There are 2 protein chains.
Amino acid sequence: MPKVSEEYKAERRAEIAAAALRCFARKGFQATSMAEIIAETGLSAGAIYGHYASKDDLVVDCARYFLGNRVNDLARLKDQRPLPQPGQVAAMFIAGFGEDLGDFGILVQVWGEAVSNPKVAELIGSVLTQTRTVYEDYLAEWFRAKGTLNEQECVAKGIAFAPVIVSLCQGYMVQGTVLPDFDGEAYLATLLDLRFD
Amino acid sequence: MPKVSEEYKAERRAEIAAAALRCFARKGFQATSMAEIIAETGLSAGAIYGHYASKDDLVVDCARYFLGNRVNDLARLKDQRPLPQPGQVAAMFIAGFGEDLGDFGILVQVWGEAVSNPKVAELIGSVLTQTRTVYEDYLAEWFRAKGTLNEQECVAKGIAFAPVIVSLCQGYMVQGTVLPDFDGEAYLATLLDLRFD
DNA sequence: GTCTATATCCAGATAGAC
DNA sequence: GTCTATCTGGATATAGAC
């Protein structure tokens with residue numbers, strides 16, 4: 001019976017979260033005021049607080065939203081044939097984020113926010129661990145395809161190199177955000193020249 | 001004539017900045033209030049504002065302080081013999097930061113802060129560009145030592161790979177901050193297995 | 001559910017005595 | 001230069017009408 005109402009609520013929450021995310025992407029979580037979010041939605045304070053109990057709730061929900069998409073993207077990678085190079089995997093991950101968010105500032109800010117906000121920290125930790133696990137699986141597969149290592153070595157190397165791939169993505173995002181003259185294309189091309197062995 | 005006074009002022013500023021840095025490292029720039037900094041110094045509001053015109057000034061000064069040390073460290077690297085491996089260079093950079101700050105949370109937060117604070121952005125941009133330049137010089141030297149490339153190729157490869165080394169450092173810091181189970185030792189060991197060619 | 005109006009709090013910053 | 005006391009603004013969040 002409360003079916004329509006549930007749908008409506010979910011829609012409104014998504015609407016509010018989307019507007020908030022636009023604000024956060026522009027100015028960061030902490031520097032964005034509820035007043036700005038309210039203006040961006042076109043709604044009123046009362047309406048917002050009817051759906052979110054606090055600004056903190058909104059922050060966490062926004063972070064969850066755009067991080068979730070990434071994990072879904074990645075899960076598909078492992079089954080692609082031919083198996084892409086490690087450098088290509090990183091490039092795809094970065095491209096997915098870029099399309100979703102426009103730029104990487106928001107993600108860089110989320111990492112910073114995690115330092116002082118336990119809820120965000122937990123969320124990021126979970127997502128990053130999932131991401132790393134996907135990379136571990138992919139890399140094991142990649143080493144198997146090379147055919148020069150035994151099964152145990154493939155798995156071990158996957159575990160060892162996964163955080164390095166994560167770094168290559170994170171570094172792109174930090175430098176792309178902070179350095180005005182960062183050359184993303186050249187960076188991605190260089191990744192293809194890296195040898196994991 | 002105002003000599004003692006100048007020294008005293010500089011000392012006090014450093015004292016205040018050090019206390020502020022401790023606070024920022026714990027809670028982040030934005031989440032730290034002036035009241036906390038005041039408490040940490042043991043001084044009073046009036047005393048602080050006698051030396052810093054605003055919280056923002058204090059933030060920028062703190063960031064400048066700990067970023068500056070890193071650039072100095074790096075400048076020495078290029079002249080070391082035998083020339084360390086790229087992976088070792090990254091490890092040294094990371095170790096230097098760790099000794100100076102205890103952990104990397106503060107740096108991760110600075111990157112986030114740069115998104116919304118132009119003064120911090122400029123500072124980080126400058127430091128990161130200097131860092132990258134040092135890496136470029138070092139890498140050119142490294143490729144020369146291998147003896148398989150001509151001069152032009154050495155320089156070009158240095159420019160191409162420098163941002164990758166930067167990423168390897170940044171990724172360590174992000175993951176070390178955000179992932180409770182991040183294995184820094186294993187990560188650094190893996191870097192030694194990366195081949196740049 | 002949503003609005004307007006407002007309560008409440010705490011931040012950064014200052015004034016003026018010493 | 002440093003203190004205490006305080007101002008002022010803007011932040012989050014709520015109350016109550018519709």
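Lettering of chains follows the sequences in order, A, B, ..., and the numbering in each one begins at 1. Note that the structure is a prediction, hence the values are computed from the model and not measured. Atoms considered below: every heavy atom in the structure, side chains included; atoms not considered: hydrogens, waters and symmetry mates.
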Between [atom2] of [N] and [atom1] of [X], the distance in whole Å:
{"X": "B:I38", "N": "D:dT2", "atom1": "CD1", "atom2": "C1'", "answer": "12 Å"}
{"X": "B:R12", "N": "D:dG1", "atom1": "CZ", "atom2": "C1'", "answer": "9 Å"}
{"X": "A:E6", "N": "C:dG1", "atom1": "CD", "atom2": "P", "answer": "8 Å"}
{"X": "A:K27", "N": "D:dG10", "atom1": "NZ", "atom2": "P", "answer": "12 Å"}
{"X": "B:L58", "N": "C:dG12", "atom1": "CG", "atom2": "P", "answer": "11 Å"}
{"X": "B:L43", "N": "D:dT4", "atom1": "CG", "atom2": "P", "answer": "11 Å"}
{"X": "A:D57", "N": "D:dT12", "atom1": "CG", "atom2": "P", "answer": "14 Å"}
{"X": "B:I48", "N": "C:dA11", "atom1": "CD1", "atom2": "C1'", "answer": "16 Å"}

Report the nucleotide, chosen from [options], that has the shortest atom-to-atom distance to any side-chain atom of [X].
{"X": "A:S33", "options": "D:dA11, D:dT14, D:dT2", "answer": "D:dA11"}
{"X": "A:K9", "options": "D:dG1, D:dT2, C:dG1", "answer": "C:dG1"}
{"X": "A:A45", "options": "C:dA13, C:dT2, C:dA5", "answer": "C:dA5"}

Task: Single-linkage hydrophobic cluster, 4.5 Å side-chain cutoff, B:M92 and B:L107 together - done: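 They do share one cluster, since a chain of ILVMFWY contacts under 4.5 Å joins B:M92 to B:L107.
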For [N], does OP1 or OP2 lie under 4.0 Å from any side-chain N or O of [X]?
{"X": "B:Y49", "N": "C:dA13", "result": "yes"}
{"X": "B:Y8", "N": "D:dT2", "result": "yes"}
{"X": "B:S5", "N": "D:dG1", "result": "yes"}

Task: N-O pairing of B:K27 and B:E36 below 4.0 Å - done: yes
Open item on the list: Whether A:R12 and A:E15 form a salt bridge (side-chain N of Lys/Arg under 4.0 Å from carboxylate O of Asp/Glu) is what I want to check.
Closed with: yes
Task: Side chains of B:Q130 and B:T133, donor plus acceptor under 3.5 Å - done: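 Per modelled atom types, B:Q130 and B:T133 side chains form no pair under 3.5 Å.
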Need one value for [X]: base, sugar-phosphate or nothing, where a base atom within 4.0 Å counts as base even if backbone is also close, heavy atoms only.
{"X": "A:S44", "answer": "base"}
{"X": "B:G46", "answer": "base"}
{"X": "A:T41", "answer": "nothing"}

Open item on the list: Students often mix this up, so state it plainly: with edges at 30° and 60°, are the rings of B:F29 and B:F24 parallel, tilted or perpendicular?
Closed with: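 Tilted, since the angle between the ring planes falls between 30° and 60°.
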